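Report on the structure given below.
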Amino acid sequence: MGSGCKLGLRKRWALDLFSNLYKETVAEHRLNTLFWECTLRCNLACRHCGSDCRVAPGVPDMPLADFLKVLDEQITPHVDPYKVFIIFSGGEVLVREDLEEAGREVTRRGYPWGMVTNGMALTPQRFERLMQAGLRSISVSLDGFEQEHNYLRGNPSSCERAMQAIRLIVQEPALAYDVITCATGALIPHLEPFRDRLIAEGVEHWRIFSIFPMGRARDDASLRLNDEQFRTLLDFIRRTRREKSIDVSYACEGFLGGYEAEVRDHFYQCAAGISVASIRVDGAISGCTSIRGNFHQGNIYRDDFWEVWENRFGPFRNREWARQGECAGCKMFRYCLGGGMHLHDDNGQLLYCHYHKL
Amino acid sequence: MFFHLRNKFFYICRIKTIGYKIMNRKLKLALAALLGFSAACSTVKNAPSKGSGDPEAMTDTTRIDHPFMVMYGVRIPDAPIISKPLNPVLQQDSTVQVPESQPQPAEK
């Protein structure tokens with residue numbers, strides 16, 4: 001294993017403390033983030049889409065009224081709405097013509113909300129309407145310079161559209177935002193100039209993901225970082241954070257050994273089913289939308305959401321089932337609990353381990 | 001008299017137990033801070049613990065304290081969130097007809 005695996009004593013003690021404290025969080029499992037997968041339609045067909053979204057996915061959008069009914073009758077009685085952040089996700093949420101209406105309805109009920117977008121359809125007029133509807137936070141995807149981004153997104157104008165969207169959001173003081181980047185091997189040599197480009201555009205918050213093998217990315221190994229590229233990426237993030245030129249962090253996934261608390265603001269945790277739930281486009285109730293579509297704990301068209309949240313999220317809250325395969329004898333299991341829920345296949349096997357890439 | 005003293009004893013024990021648990025959590029957080037990892041533990045620091053009482057009453061400006069960002073989620077706003085919809089557009093009546101009975105999934 002590489003040097004990134006080494007945990008100093010101080011960090012190891014802190015991780016032990018955090019793990020202990022985190023057990024209380026798990027026991028409490030207080031919902032504070034709710035994804036609404038409002039569509040699987042998309043105006044792009046990205047090579048790395050984990051949800052295999054497309055223009056006509058064959059799955060209809062969930063009617064807004066159905067989502068609101070669950071919100072009103074099954075969630076609101078149990079939560080403080082202003083403490084639950086609703087995230088509209090897809091697909092590409094901007095393809096929904098009633099998105100602003102959805103935002104207004106959610107805001108009217110006291111819930112703050114945000115959205116993730118590829119920026120293709122975020123015009124100044126649409127942006128203004130979304131702000132009027134109560135938009136509080138937005139993430140725009142930009143996967144590199146024009147060549148890298150357009151290659152991944154499969155559209156020659158996608159990079160320019162994303163940049164235009166970014167220029168809109170960075171100027172809005174009432175909006176939390178960040179730029180999210182899926183890093184491929186092609187981007188690794190260009191991380192620093194790309195960072196400088198984002199800073200020049202006024203971007204202050206940046207998150208970087210690595211692509212996991214799901215959906216259309218499942219069988220395309222060229223999209224994934226090799227071990228050396230992954231370490232280079234983490235070294236870059238750590239170095240940039242120390243320089244404080246831009247607030248950059250690695251995505252929430254993966255226990256990162258010696259990089260813990262140095263490439264993110266927090267220690268690793270998988271919040272799926274702990275504080276995060278999803279209502280998927282077909283009504284399925286699950287943890288995080290990154291989790292494979294056939295792993296769900298109920299359906300709003302058949303079950304009570306809150307009953308499912310309280311009683312059927314056992315696999316999320318007790319992850320001993322993940323102690324198998326390469327996790328079985330791993331000493332880091334007490335910190336990582338077998339990694340992100342989205343990185344397990346139908347047999348519970350871990351698709352890959354971030355720690356072992358270090 | 002006996003039952004009064006017994007009940008008082010149990011009450012004091014319960015207060016000390018709750019206090020111990022709270023102090024234990026605070027001690028852990030203090031230790032994490034001493035180690036220099038207070039921020040890294042902030043996601044659990046802000047999580048409510050059992051027995052902490054009813055959540056704060058909703059006010060016009062209410063802050064959300066859960067900085068943990070999920071992978072395809074969004075940044076949580078730093079600024080206080082105004083809970084009352086002040087925008088006049090939001091004052092209008094809802095146009096969405098919420099079904100009274102269990103909704104049925106849309107046909108493909």
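Here is how names work: the chains are called A, B, and so on, in the same order as the sequence lines, proteins then strands, and each is numbered from 1. Values in this document were obtained by computation on a predicted structure and should not be read as measured data.
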By a 4.5 Å heavy-atom criterion (distance strictly below it), what part of A:R109 contacts chain B: side chain, backbone, both, or neither? side chain

For A:I87, is it the side chain, the backbone, both or neither that has a heavy atom under 4.5 Å from a heavy atom of chain B? side chain

Would you say the side chain of A:L71 lies within less than 4.5 Å of the side chain of A:I86, judging by non-hydrogen atoms? yes

What part of A:A251 is in contact with chain B, defined as an atom under 4.5 angstrom from a non-hydrogen atom: side chain, backbone, both or neither? side chain

Under 4.5 Å from any heavy atom of chain B, what part of A:Y22 do you find: side chain, backbone, both or neither? both

Is it the backbone or the side chain of A:S89 that comes under 4.5 Å from a heavy atom of chain B, or both, or neither? neither

Is a side-chain donor or acceptor of A:H78 paired with a backbone partner of A:T76 at a separation under 3.5 angstrom? no

Salt bridge or not between A:E262 and A:K11? Use side-chain N to carboxylate O under 4.0 Å. yes

By side-chain contact (heavy atoms from CB on, under 4.5 Å), A:S249 pairs with (sequence neighbours left out) A:R207, A:R241

I'd like to check the ring pair (Phe, Tyr, Trp, His ring centres under 6.0 Å) partners of A:W36; sequence neighbours left out, ordered by chain and number. A:F67, A:F88

Looking at B:G36, B:A32, B:G73, which makes the most heavy-atom pairs under 4.5 Å with chain A? B:G73

